[in-house]
Amino acid sequence: MQSPKKFRQDKPGFYPDQSIYAAFACAEFGLEFRDLDGGSGLLFSVASRDRSLHFGAGRCAWYPQNNATAATLASDKYFTNKILQQAGMPVIGGEYFFLHDRHRAHRPAGHERDDALAHFRALRASAFVKPLTGSRGDFAQAVHGEAAFIRYLDEVATYYDSVLVQPIIDGAEYRIFLLDDDALFCARKHSPFVRGDGVHTLRELLSAHNDALRARGLSPAAPGDGDPSLDAVLAKGEQRDIPGRMNLSAGGTMVLEAPPSAKVVALARAATRALGLRVGAVDLFAGIGGDPDAMTIIEVNSNPSIRLLEQSDRGDLILKIWHHTFSAMGLL
């Protein structure tokens with residue numbers, strides 16, 4: 001078996017992961033991969049002897065074995081919560097609110113910006129807030145205080161039309177990746193961090209971290225500008241966690257490890273079944289409040305990234321995912 005890294009060689013930095021992994025899988029399974037967009041990787045085809053299928057990277061749906069309805073419902077975090085709650089599963093819950101007046105005639109009352117502030121106050125002015133249909137951890141963060149909440153809504157409104165406001169939950173965060181009922185892998189999520197060099201202040205290190213996020217089209221980590229501790233210089237090699245979102249794309253780390261319990265896997269499996277997904281990644285908290293049996297679903301991803309598998313040298317699992325895709329679509 002070749003390595004996916006070989007297929008990343010000589011590709012520009014923007015070349016999509018999904019296209020690299022598709023080319024890798026095609027080479028292993030004897031299928032033809034064709035880039036159809038002048039080398040961008042955003043549009044490609046995969047062909048067998050008697051059939052050809054088009055795929056898209058970027059913001060396209062990566063897993064065509066998921067039907068469009070199931071994938072669309074999963075992309076809306078509020079709808080996902082309601083479906084899973086109706087099925088009797090533990091979810092964080094939350095309420096959604098719109099940030100613009102456009103289309104106001106097409107929605108019920110109680111979901112406007114003023115309603116968002118009232119709901120935030122009911123949560124004692126501390127909540128975890130994220131775009132309703134966002135991804136990659138963009139603008140997903142804990143917000144404390146009314147002034148900070150208003151600033152957050154103003155900033156998010158430039159890029160999104162709605163947000164989900166949820167209570168803050170503390171627990172160990174995991175991702176369970178499923179193919180049908182097969183829990184293919186479990187990963188523990190950890191916070192992003194900056195590493196000291198003995199020269200630059202924590203504020204400067206955070207600024208460089210945020211510049212890298214902006215370059216990838218992601219919101220910066222909250223800097224805490226008024227915090228004097230940010231002027232400290234970290235010793236060389238010393239790490240400082242950046243609390244909040246743990247997404248790999250936002251600088252977090254993920255480590256493949258065994259699931260914390262069989263109950264966690266069963267809950268993840270039930271969640272993808274309830275949504276009708278054949279491929280999905282369930283993010284959840286386990287061990288909430290120190291109780292090993294306390295768990296709740298954060299969200300379900302119908303278009304999950306698998307870069308972690310390349311970073312972990314698990315090309316075999318990348319191939320298993322693509323074999324499932326190619327088989328489901330009649331290419332194998």
Side-chain angles (χ1 to χ4, degrees), residues 17-18 21 61-63 65-66 70-71 73-77 79-81 83-93 128 130 134-137 140 166 169-191 245-250 252-289 291-325 328:
D17 289 349
Q18 195 71 349
Y21 304 147
W62 298 343
Y63 303 103
Q65 60 268 59
N66 284 338
L73 288 172
S75 71
D76 186 299
K77 296 170 176 56
F79 285 162
T80 298
N81 268 279
I83 291 169
L84 300 184
Q85 190 175 44
Q86 180 69 25
M89 293 175 227
V91 296
I92 297 176
F128 198 86
K130 53 190 172 184
S135 61
R136 303 188 300 152
Q166 299 178 298
I169 304 292
D170 184 29
E173 187 172 343
Y174 294 88
R175 167 166 288 191
I176 309 291
F177 189 104
L178 296 111
L179 292 178
D180 291 322
D181 281 343
D182 179 19
L184 190 65
F185 67 85
C186 171
R188 172 77 184 271
K189 292 188 173 188
H190 300 274
S191 297
R245 58 191 173 182
M246 298 186 185
N247 304 67
L248 195 63
S249 55
T253 56
M254 296 173 67
V255 180
L256 294 175
E257 62 178 61
S261 70
K263 290 181 179 178
V264 164
V265 175
L267 179 61
R269 187 178 290 122
T272 53
R273 282 181 184 171
L275 288 163
L277 294 174
R278 297 197 63 191
V279 181
V282 181
D283 294 336
L284 48 82
F285 286 125
I288 299 170
D291 181 352
D293 292 326
M295 53 189 172
T296 191
I297 294 170
I298 302 169
E299 59 187 41
V300 181
N301 302 276
S302 62
N303 219 29
S305 168
I306 54 174
R307 176 174 276 211
L308 169 66
L309 299 180
E310 179 187 357
Q311 294 174 341
S312 304
D313 292 323
R314 293 304 306 268
D316 59 317
L317 295 184
I318 294 175
L319 291 178
K320 189 167 185 178
I321 293 167
W322 275 101
H323 189 280
H324 186 279
T325 298

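Note that the CD1 atom of Ile298 and the OG1 atom of Thr80 stand 13.0 Å from one another [nearest 0.5 Å]. Note: Met254 CE to Leu308 CG = 5.0 Å, rounded to the nearest 0.5 Å. To the nearest 0.5 Å, atoms OH (Tyr174) and OG (Ser261) are separated by 8.5 Å. In this structure, CZ in Arg175 is found 4.5 Å from NZ in Lys189, a value given to the nearest 0.5 Å. To the nearest 0.5 angstrom, Trp62 atom CH2 is 10.0 Å from Trp322 atom CH2. For the atom pair CD of Gln311 and CD1 of Ile306, the computed distance is 11.5 Å after rounding to the nearest 0.5 Å.
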Would you check, one step at a time, whether the test side-chain contact (heavy atoms from CB on, under 4.5 Å) holds for Leu184 with Leu317? CA-CA 8 Å; Leu184 190 65; Leu317 295 184; 3.9 Å; yes
Evaluate the salt bridge (charged side-chain N to carboxylate O under 4.0 Å, His left out) criterion for residues Arg269 and Asp182: first the C-alpha distance (whole Å), next the side-chain angles of each, then the deciding distance (0.1 Å), finally the verdict. CA-CA 8 Å; Arg269 187 178 290 122; Asp182 179 19; over 6 Å; no
side-chain contact (heavy atoms from CB on, under 4.5 Å) between Thr272 and Arg278, intermediate numbers included: CA-CA 7 Å; Thr272 53; Arg278 297 197 63 191; over 6 Å; no
Could you go through Leu284 and Thr296, starting from their C-alpha distance and side-chain angles, then the distance that decides it, and tell me whether this counts as side-chain contact (heavy atoms from CB on, under 4.5 Å)? CA-CA 6 Å; Leu284 48 82; Thr296 191; over 6 Å; no
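No donor-acceptor pair under 3.5 Å is formed between the side chain of Asn301 and the backbone N or O of Gly280. A donor-acceptor contact shorter than 3.5 Å is absent between the side chain of Asp17 and the backbone of Arg307. Looking only at distances, no side-chain donor or acceptor of Asp291 sits under 3.5 Å from a matching main-chain atom of Gly287.
Closest approach of Glu310 and Ile318 over heavy atoms only: N-CD1, 3.9 Å. The two residues Lys320 and Leu179 make their nearest non-hydrogen contact at O-CD1, 4.0 Å. In this structure, Val91 and Leu84 approach most closely via the heavy-atom pair CG1-CB, 3.7 Å. Contact between Ala274 and Met89 at its shortest, heavy atoms only, is CB-CE, 3.7 Å. Looking at every heavy atom in both residues, Arg314 comes nearest to Leu256 through CG-CD1, 3.8 Å. The two atoms that bring Leu277 and Ser302 nearest to each other are CD2-CB, 3.8 Å, heavy atoms only.
Ring geometry for Phe177 against Phe185 counts as parallel: the plane angle stays under 30°, on a 0 to 90° scale with 60° as the upper cut.
In the displayed structure, Asp316 atom CG is contacted under 6.0 Å by more than 12 heavy atoms of other residues, nucleotides or ligands.
Each of Ile297, Val264, Ile169 was evaluated against Phe285; a single residue qualifies, Ile169, per the side-chain contact (heavy atoms from CB on, under 4.5 Å) test. The only option from Leu178, Leu275, Ile176 that meets the side-chain contact (heavy atoms from CB on, under 4.5 Å) definition with Val300 turns out to be Leu275.
Between the side chains of His324 and Asp180, at least one donor-acceptor pair of N or O atoms lies under 3.5 Å.
At a threshold of 4.5 Å between non-hydrogen side-chain atoms, the residues Arg188 and Glu173 do not count as touching. In this structure the side chain of Asp181 reaches within 4.5 angstrom of the side chain of Arg273, judged on heavy atoms. Considering only heavy atoms from C-beta on, Lys130 comes within 4.5 Å of Glu299 through its side chain.
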